[in-house]
Trainee: 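Have a look at this one before I ask anything.
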Amino acid sequence: MRSKRAALTALQLCVTCGVLVWLFHDGARRQEMARALSRADGAWILTGIAVYGLVELLAAWRWQGLLRVQGIVLARGRVFTLLLIGLFFNFFLPGGTGGDVVKIYYLIKEAPGRGAGAVLSVLMDRIIGLFALIFMSGVFIAIRWHWLTSTPATAHLVFVALLILGVSVLAIGFSFVVTAFGIVHRLPARFPCRDKLGELALGYGLFARAWRTSAQALGTSFVTHTGYFFTFYCAARAYAAPGVATPTFKQLCVIMPLVNAITAIPISIGGLGVRESLFQDFLNALVGVDKGVAILISSTGFLLTAVWGLAGGILYLLYRPSKGPSMAEISKEIAGIEHHVAEDEMELELSHEKSQR
């Protein structure tokens with residue numbers, strides 16, 4: 001496991017550094033960025049930071065509702081703190097260990113004996129957010145298909161995004177099938193993601209019964225995704241000037257779900273480098289934005305969100321005991337809890353199957 005994590009980290013570092021060097025090596029492009037930076041509007045930068053703060057507050061409200069389904073009641077300020085700590089690790093920790101593991105670990109410390117609930121709340125929060133992104137991507141692609149595929153470069157990227165979204169839909173559909181027919185426990189012990197499917201089987205049942213909370217979480221996800229897009233629109237507006245092409249908010253709402261889908265593949269650290277390359281290709285080809293400015297919009301949008309990740313890092317230092325566990329210890333403990341949750345669900349399925357005979 002450690003060797004795989006080290007290999008993934010090395011790959012992410014290589015891809016991130018390689019793409020960033022390729023993007024910034026052109027002197028003319030750097031001059032475009034310098035001119036844009038010289039006219040940057042600080043008011044839009046501050047607005048972007050504030051908007052993304054509201055996005056995370058809404059995300060905390062969504063997660064708090066999902067926690068209540070599991071019988072875990074925490075103050076919203078505490079939930080927001082854990083969310084920002086997780087955000088810090090998602091942004092700044094390379095490798096395969098993300099903020100979800102850290103959120104689950106410290107949530108368990110807040111609610112002892114609720115390990116299964118902590119795991120399922122975070123898992124379903126991710127699934128609901130992913131479902132909202134897939135739905136928005138499908139709608140925007142259908143509405144603006146001709147515009148998105150009007151150039152060979154962007155058409156290629158649209159098909160890549162569709163492939164990734166299609167695989168995601170198939171994966172979610174497969175998890176629904178094995179859950180609906182109660183066959184998770186029949187899967188071989190070495191079946192890929194067997195434990196995760198067991199967790200999903202339990203989560204689908206619980207959150208289907210709490211359908212009002214699940215529907216509210218889905219609706220909130222549409223709002224948070226839109227708020228995230230608006231954060232990048234603030235970055236674009238910060239560099240707007242007479243005679244300079246600038247994307248509209250509607251255009252960014254069409255492009256960014258595709259960017260998010262592609263950067264969800266963890267081949268770089270936090271999508272850094274890959275996101276800038278995608279912004280350059282989409283905005284330059286479809287909107288006429290200078291390549292340097294397009295890269296700068298992406299980098300600035302990332303930094304506006306990363307501010308809250310840095311806040312999460314500060315909270316983590318204040319929250320975590322000086323002799324707290326290492327990331328390896330945290331990952332091992334959470335993996336054990338997830339396996340236990342999955343096995344419990346499979347035993348329930350097996351018992352139910354026997355009772356029907």
Side-chain angles (χ1 to χ4, degrees), residues 20 23-24 28-62 76-77 80-81 83-84 87-88 90-92 133 136 140 220-260 263 270-315:
L20 288 176
L23 289 172
F24 288 93
R29 198 172 299 167
R30 291 198 302 271
Q31 289 179 0
E32 289 175 2
M33 295 180 192
R35 287 193 295 270
L37 283 169
S38 68
R39 63 174 183 265
D41 187 338
W44 279 105
I45 298 294
L46 293 176
T47 300
I49 293 173
V51 167
Y52 192 70
L54 292 175
V55 167
E56 291 301 329
L57 277 174
L58 281 173
W61 179 79
R62 177 184 64 196
R76 188 170 301 174
F80 187 55
T81 296
L83 194 71
L84 291 184
L87 187 67
F88 167 73
N90 281 335
F91 272 124
F92 301 108
L133 179 63
M136 293 175 76
F140 288 137
T220 304
S221 293
F222 290 128
V223 178
T224 56
H225 281 307
T226 304
Y228 178 73
F229 303 158
F230 192 81
T231 302
F232 279 77
Y233 175 69
C234 291
R237 291 300 305 166
Y239 302 114
V244 176
T246 304
T248 66
F249 179 54
K250 288 182 180 179
Q251 289 171 333
L252 282 177
C253 282
V254 174
I255 292 170
M256 287 204 62
L258 307 182
V259 173
N260 285 1
T263 54
L272 195 60
V274 176
R275 184 185 302 102
E276 281 65 35
S277 178
L278 293 171
F279 262 75
Q280 172 187 263
D281 292 340
F282 274 119
L283 293 185
N284 180 255
L286 299 177
V287 187
V289 178
D290 291 338
K291 291 183 177 181
V293 176
I295 294 170
L296 196 57
I297 290 171
S298 177
S299 300
T300 303
F302 172 80
L303 290 174
L304 296 181
T305 60
V307 166
W308 291 97
L310 288 172
I314 295 171
L315 291 172

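Just so you know, these numbers use all the heavy atoms, side chains as well, and skip hydrogens, waters and symmetry mates.
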Trainee: Once you round to the nearest 0.5 Å, how far does OG1 of Thr226 lie from CZ of Phe222?
Mentor: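 It is 9.0 Å, given to the nearest 0.5 Å.
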
Trainee: Nearest 0.5 Å, please: how far is CG in Leu315 from CG in Leu87?
Mentor: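 Spacing of CG (Leu87) from CG (Leu315) equals 11.0 Å.
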
Trainee: Please name the pair of heavy atoms, one in Leu83 and one in Ala59, separated by the smallest distance, quoted to 0.1 Å.
Mentor: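 Scanning both residues completely, I find the closest heavy atoms to be CD2-CB, 3.7 Å.
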
Trainee: Any side-chain heavy atom of Val254 sitting closer than 4.5 Å to one from Phe140?
Mentor: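 Val254 vs Phe140: side chains touch.
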
Trainee: As a quick check of understanding, evaluate side-chain contact (heavy atoms from CB on, under 4.5 Å) for Leu283 and Ile255, giving each step before the final call.
Mentor: CA-CA 9 Å; Leu283 293 185; Ile255 292 170; 3.8 Å; yes

Trainee: Does any donor atom in the side chain of Thr248 or Tyr233 lie under 3.5 Å from an acceptor atom in the other side chain?
Mentor: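 Side chains of Thr248 and Tyr233: no pair found under 3.5 Å.
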
Trainee: Measure the acute angle between the ring planes of His225 and Phe229, then classify it against the limits of 30° and 60° as parallel, tilted or perpendicular.
Mentor: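 Taking Phe229 first and then His225, their aromatic rings lie parallel (interplane angle under 30°).
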
Trainee: Return the minimal non-hydrogen interatomic distance between Ser38 and Arg35, and the atom names on each side.
Mentor: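 Looking at all heavy atoms of both residues, the closest pair is OG-O, 2.6 Å.
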
Trainee: The test is side-chain hydrogen bond (donor to acceptor under 3.5 Å, both in side chains); show your working for Thr246 and Arg237 and say whether it passes.
Mentor: CA-CA 7 Å; Thr246 304; Arg237 291 300 305 166; 5.0 Å; no

Trainee: Side-chain contact, heavy-atom cut-off 4.5 Å: Trp308 with Val55?
Mentor: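 Answer no - side chains too far apart.
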
Trainee: Mind checking the OG-CG spacing from Ser277 to Asp281? Nearest 0.5 Å is all I need.
Mentor: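 Reported to 0.5 Å precision, the distance equals 4.5 Å.
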
Trainee: Is any side-chain heavy atom of Ile297 closer than 4.5 Å to a side-chain heavy atom of Pro247?
Mentor: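 Yes; the side chains approach each other to less than 4.5 Å.
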
Trainee: Nearest heavy-atom pair of Ala294 and Val289: which atoms, and what distance?
Mentor: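 Scanning both residues, the minimum pair turns out to be N-CG1, 3.7 Å.
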
Trainee: Checking side-chain contact (heavy atoms from CB on, under 4.5 Å) between Leu278 and each of Leu258, Asn260, Thr263, which is the one that passes?
Mentor: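 For Leu278, the side-chain contact (heavy atoms from CB on, under 4.5 Å) check succeeds only for Thr263.
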
Trainee: How long is the straight-line distance from CG of Leu304 back to OH of Tyr52, given to the nearest 0.5 Å?
Mentor: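 That separation rounds to 10.5 Å.
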
Trainee: When rounded to the nearest 0.5 angstrom, what distance separates OG in Ser298 from CZ in Arg275?
Mentor: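 One gets 5.5 Å once the value is rounded to the nearest 0.5 Å.
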
Trainee: Using only heavy-atom distances, determine whether the side chains of Arg29 and Gln280 contain a donor-acceptor pair under 3.5 Å.
Mentor: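 Distance-only check passes for Arg29 and Gln280.
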
Trainee: Roughly how far, to the nearest 0.5 Å, is CG of Leu54 from OG1 of Thr224?
Mentor: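 It comes to 12.0 Å.
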
Trainee: Does the pair Phe279 and Val259 meet the rule for a side-chain contact (heavy atoms from CB on, under 4.5 Å), with working shown?
Mentor: CA-CA 8 Å; Phe279 262 75; Val259 173; 4.1 Å; yes

Trainee: Yes or no on ring-ring contact (aromatic ring centres under 6.0 Å, His included) for Phe232 and Phe302, after CA distance, side-chain angles and deciding distance?
Mentor: CA-CA 8 Å; Phe232 279 77; Phe302 172 80; 8.4 Å; no

Trainee: Restricting to non-hydrogen atoms, name the atom on Ala235 and the atom on Gly301 that form the minimum distance, rounded to 0.1 Å.
Mentor: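 Closest heavy-atom pair between Ala235 and Gly301: CB-N, 3.7 Å.
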
Trainee: Return the minimal non-hydrogen interatomic distance between Leu58 and Thr220, and the atom names on each side.
Mentor: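 Shortest heavy-atom separation between Leu58 and Thr220 comes out as O-CG2, 3.7 Å.
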
Trainee: Is there a donor-acceptor pair closer than 3.5 Å between any side-chain N or O of Asp290 and the backbone N or O of Gly292?
Mentor: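 No, the answer is negative, given that no donor and acceptor are paired below the 3.5 Å cut-off.
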
Trainee: Identify the heavy atoms of Gly48 and Thr231 that sit nearest to each other, and give their distance.
Mentor: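 Minimum heavy-atom contact is O-CG2, 3.6 Å.
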
Trainee: Assess the residue pair Val244 and Tyr239 against the criterion (side-chain contact (heavy atoms from CB on, under 4.5 Å)); give the C-alpha distance rounded to whole Å, side-chain angles, the decisive distance to 0.1 Å, and a yes or no.
Mentor: CA-CA 9 Å; Val244 176; Tyr239 302 114; over 6 Å; no

Trainee: Apply the test side-chain contact (heavy atoms from CB on, under 4.5 Å) to residues Gln251 and Val287: give CA-CA distance (whole Å), side-chain angles for both, the deciding distance (0.1 Å), then the verdict.
Mentor: CA-CA 8 Å; Gln251 289 171 333; Val287 187; 3.8 Å; yes

Trainee: Ignoring hydrogens and angles, tell me if any N or O in the side chain of Glu276 forms a donor-acceptor pair with the backbone of Gly273 under 3.5 Å.
Mentor: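 Answer holds: yes.
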
Trainee: Over 60° means perpendicular and under 30° means parallel, so tell me whether Phe230 and Trp44 are parallel, tilted or perpendicular.
Mentor: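 Answer is tilted, since the angle falls between 30° and 60°.
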
